[in-house]
Trainee: 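Quick one: the structure is below, and I'll ask about it shortly.
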There are 2 protein chains.
Amino acid sequence: MNVMNDSPRRKELTRQAAQLFVQAGFDRTTVRMLAQEMGIKSGSLFHHFRDKQEILTAVIEEGTQNALIIAKAALEQCDNSAEARLQAMARAHLETLLTDRNAHVVALYEWRRLDPEARDHLSHLRDAYEALWETVIDEALAAGLIHGDRFLVARFVMGALNWTVRWYDPSGPRSPDDLAHELVAMITHRPV
Amino acid sequence: MNVMNDSPRRKELTRQAAQLFVQAGFDRTTVRMLAQEMGIKSGSLFHHFRDKQEILTAVIEEGTQNALIIAKAALEQCDNSAEARLQAMARAHLETLLTDRNAHVVALYEWRRLDPEARDHLSHLRDAYEALWETVIDEALAAGLIHGDRFLVARFVMGALNWTVRWYDPSGPRSPDDLAHELVAMITHRPV
DNA sequence: GGGTCAACCAAGCAAGCGCTAGTGTAAATT
DNA sequence: AATTTACACTAGCGCTTGCTTGGTTGACCC
């Protein structure tokens, strides 16, 4: 076994693992399947990852970290109005859900497969992301753009967005920007 | 092996299976675990179910059918206004999510473990349920209560509701009725 | 030009998996 | 009284699983 560095090789392997985890689910993806997809033998896998669990952790960590980066960038670039920031967050969320789709689907469906330590570590990453949302929601509430409980609104909105991985078809007529706009319009009490 | 009747015994076994599926996930729940929970030996399990897959199907079918029944009853009992019907649906949805929580969590997380035939059969049940939602949403649109695309609104709302299984704590201060009210208020452009 | 090291392989172990075959038995049915 | 039915048991087959072991390869370093 090896150290748990983040070599470029390992990053590529993580990307491929994500794809298989989406297709078959974590439990049904065997180390032999993973190895074959990576073009190596199953034994060699354990040179890069301590065990199968660590591959799952790597996949989810990668996706969550990207989401955080994209969301922060989106907030820095957009206008300062509460509505613009709300929409920027929604769009960023949907875009990550698309570009890192595999990783996020894995995070949504296989979270419970993480062992307690990994779950604890990744929870902090996710909390940092959700904190961004709550900030933006607070601003929208303060601006009178939306009403209600900040906790509930944040969770309703994230639920609506995360659910899109179930039905959204990227090759369809609707763009992520489109969806973000519709969602913001739906919850906005002051039409613009 | 036996016929696939719906004896009371089988119903009870299905309920217990749902619990284990939630705790460990379908793939990690072994037939030996199921049997032990049911107080029998693993071989005896196959007297009641053709195979492990059929247990999963039974769990999901049970939950979905209940959701349909409860939603229909809620719509029949409530006022005729678009808003009352919208809220009745939301509340019914949240109540099923609570009373049949195990079955619904399984449906949400283990849907992909179903074989094609079972998935096809259960899809129709689910479609019937979602059709109820679209009717109610259409009425709300016609009444000017909400705006936007019926398809998108329906999916956003169901996403927000289904996401509650991730964070909602039934022992907390908020009732399902409470949540339903907040959700309807959030998407309603004409405050009441 | 000996040493180091990441990367890989071949072979296989121990455990656990879903499921089957064959049998026993008490209650219900004829 | 004879037969069927429902439900449970024991024993284990055949297979797959995650992971380990011991060793090879080739690129780079002083």
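Just so it is clear: chains get the letters A, B, ... in the order the sequence lines come, proteins before strands, and each one is counted from 1. Computed over heavy atoms, backbone and side chain alike; hydrogens, waters and symmetry mates excluded.
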Trainee: Once you round to the nearest 0.5 Å, how far does CG of A:L94 lie from CD1 of A:I70?
Mentor: 11.5 Å
Trainee: Please state whether the phosphate of D:dA8, meaning OP1 or OP2, lies under 4.0 angstrom from any side-chain nitrogen or oxygen of B:H47.
Mentor: no
Trainee: Honestly, is B:R155 close enough over B:W133, meaning NZ or CZ under 6.0 Å from the six-membered ring centre and within 45° of the axis?
Mentor: no
Trainee: Under 3.5 Å, is there a donor-acceptor pair between the A:D177 and A:S175 side chains?
Mentor: no
Trainee: Who are the side chain to side chain contact (heavy atoms under 4.5 Å, CB included) partners of A:E61, not counting sequence neighbours?
Mentor: A:Q65, A:H121, A:L122, A:L125
Trainee: Check the distance between D:dC19's C1' and A:L45's CG and give it to me in whole angstrom.
Mentor: 11 Å
Trainee: Measure the CD-CG distance between A:Q36 and A:L45 for me, rounded to the nearest 0.5 Å.
Mentor: 12.0 Å
Trainee: Atom CZ of B:F49 to atom C1' of C:dG18: distance rounded to whole Å?
Mentor: 15 Å
Trainee: Find the distance A:F26:CZ to D:dT17:C1' and express it as a whole number of Å.
Mentor: 12 Å
Trainee: Would you say a side-chain N or O of A:R50 is under 4.0 Å from OP1 or OP2 of D:dC19?
Mentor: no
Trainee: For B:H147, which residues count as a ring-ring contact (aromatic ring centres under 6.0 Å, His included) partner, sequence neighbours excluded?
Mentor: B:H189
Trainee: Atom pairs under 3.5 Å, N or O on each side, protein against nucleotides 22-24 of chain D: can you list them with distances?
Mentor:
none

Trainee: To the side chain of A:F46, which of D:dA8, D:dT20, C:dA7 is closest?
Mentor: D:dT20
Trainee: Taking side chain to side chain contact (heavy atoms under 4.5 Å, CB included) as the test, write out the residues that go with A:V22, two or more places apart.
Mentor: A:N102, A:V105, A:V106
Trainee: Scan residues 96-110 of chain A for pairs that pass salt bridge (charged side-chain N to carboxylate O under 4.0 Å, His left out), counting only residues two or more places apart or in two chains.
Mentor: A:E110-B:R112
Trainee: Within this structure, what is the CG-to-C1' distance between A:L56 and D:dC19, rounded to whole angstrom?
Mentor: 17 Å
Trainee: Check the distance between C:dC17's C1' and A:D27's CG and give it to me in whole angstrom.
Mentor: 13 Å
Trainee: Between C:dG18, D:dA8, C:dC8, which nucleotide gets closest to the side-chain atoms of B:V31?
Mentor: C:dG18
Trainee: Under a plain distance cut-off of 3.5 Å, with no hydrogens placed, do B:N162 and B:H93 share a side-chain donor-acceptor pair?
Mentor: yes
Trainee: Send over the distance from B:I55 CD1 to C:dG18 P, rounded to a whole Å.
Mentor: 10 Å
Trainee: Atom CD of A:Q53 and atom P of D:dT17: how far apart are they, to the nearest Å?
Mentor: 17 Å
Trainee: Please tabulate, one pair per line, each protein N/O and nucleotide N/O from nucleotides 10-14 of chain D that are separated by under 3.5 Å, including the distance.
Mentor:
none

Trainee: What's the CG-C1' distance between B:L13 and D:dA8, to the nearest Å?
Mentor: 12 Å
